[in-house]
Amino acid sequence: MANCVFCKIVAGEIPSKKIYEDESVLAFYDIEPQAPVHFLVIPKDHIENAGCVTSQNSKLIAHIFEIISKLADELKLKSFRVVTNSGTDAGQTVFHLHFHVLAGGVLGAMA
Ligand code: AMP
């Protein structure tokens, strides 16, 4: 989608520090980390947010969680938090579905 920063990362038009890629999913480190380990896992196809998950695309979401589990294992993350913000009031700033994976040390309380 035009003017979507994460679509531009998928297309290689904006650089990113990639950790994983397959035909449908990309994972890369967050540019402004909020924890010692902070990466994002996104579908390559543009889905606006968690409010747009349907029976048509939910298998992709399950696949994303498989990748999160695999990456947590590879990165030896004993504990980690997965967050997705859906909508402006929830703090979503990039309107392309993404799952924050935060880890490293003791994480603060949820909002
Ligand atoms: P959210 O506020 O939940 O929509 O999260 C968007 C996240 O994307 C923020 O944590 C940003 O730091 C991150 N972000 C924005 N642009 C980039 C980029 N070019 N590369 C990596 N992370 C980014």
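Note that the structure is predicted; figures quoted are calculated from it, not measured. By convention here, the first residue in the shown sequence is residue 1. Read the numbers this way: they start at 1 and go in the same order the structure lists the ligands and their atoms.
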Quiz item: Looking at ligand 1, does any of its N/O atoms fall within less than 3.5 Å of an N/O of Gly91?
Solution: yes

Quiz item: Counting heavy atoms only, which of Asp30, Val94, Asn85 comes nearest to atom 10 (O) of ligand 1?
Solution: Asp30

Quiz item: With a 4.0 Å cut-off on heavy atoms, does His98 reach ligand 1?
Solution: yes

Quiz item: Under 3.5 Å, side chain of Asn57 to main-chain N/O of Cys52, donor-acceptor pair present?
Solution: yes

Quiz item: Same cluster or not: are Val10 and Ile47 linked, directly or through other Ile, Leu, Val, Met, Phe, Trp or Tyr residues, by side-chain heavy atoms under 4.5 angstrom apart?
Solution: no

Exercise. For ligand 1, indicate whether the residue Ile9 contacts it via side chain, backbone, both or neither (heavy-atom separation under 4.0 Å).
Key: side chain

Quiz item: So which heavy atom in the protein is nearest atom 8 (O) of ligand 1, and how far is it from that ligand atom?
Solution: Phe6 CZ, 3.4 Å

Quiz item: With backbone taken as N, CA, C and O and side chain as the heavy atoms from C-beta onward, which portion of Thr84 lies under 4.0 Å from ligand 1: side chain, backbone, both, or neither?
Solution: neither

Quiz item: His100 heavy atoms, cut-off 4.0 Å: which ligand 1 atoms fall inside?
Solution: 1 (P), 3 (O), 5 (O), 7 (C), 10 (O)

Quiz item: Is the distance between the ring centroids of Phe80 and Phe39 less than 6.0 Å?
Solution: no

Quiz item: Is Phe95 in contact with ligand 1, taking contact as a heavy-atom separation below 4.0 Å?
Solution: no

Practice problem: Give yes if a backbone or side-chain nitrogen or oxygen of His38 is under 3.5 Å from a nitrogen or oxygen of ligand 1, and no if not. | Solution: no

Practice problem: Do me a favour and list the nearest non-hydrogen protein atom to atom 4 (O) of ligand 1 with residue, atom name and distance? | Solution: Thr93 N, 2.7 Å

Quiz item: Would you find a donor on one side and an acceptor on the other, under 3.5 Å apart, between the side chain of Asp73 and the backbone of Lys70?
Solution: no

Quiz item: CG/Asp45 to NE2/His96 distance, rounded to the nearest 0.5 angstrom?
Solution: 8.0 Å

Quiz item: Considering only heavy atoms, does Phe39 approach ligand 1 within less than 4.0 Å through its side chain, its backbone, both, or neither?
Solution: neither

Self-check item: Donor-acceptor pair, side chain of Lys44 and main chain of Asp22, under 3.5 angstrom
Solution: yes

Quiz item: Name the one of Thr84, Asn49, Asn85 that satisfies side chain to side chain donor-acceptor pair (under 3.5 Å) with Gln92?
Solution: Asn49

Quiz item: Got a second to check how far Tyr29's OH is from Leu40's CG, nearest 0.5 Å?
Solution: 11.0 Å

Quiz prompt | Minimal non-hydrogen separation, Arg81 against Gly108, with atom names | solution = NH2-O, 2.8 Å

Quiz prompt | Under-4.0 Å heavy-atom contact with ligand 1, by part of Gln34 that carries it | solution = neither

Practice problem: Please confirm whether Ile31 comes within less than 3.5 Å of ligand 1 when only nitrogen or oxygen atoms on both sides are compared. | Solution: yes

Quiz prompt | Proximity to ligand 1 by part of Tyr29, non-hydrogen separation under 4.0 Å | solution = backbone

Exercise. Could you establish whether Val83 and ligand 1 come within less than 4.0 Å of each other, counting only heavy atoms on the residue side?
Key: no

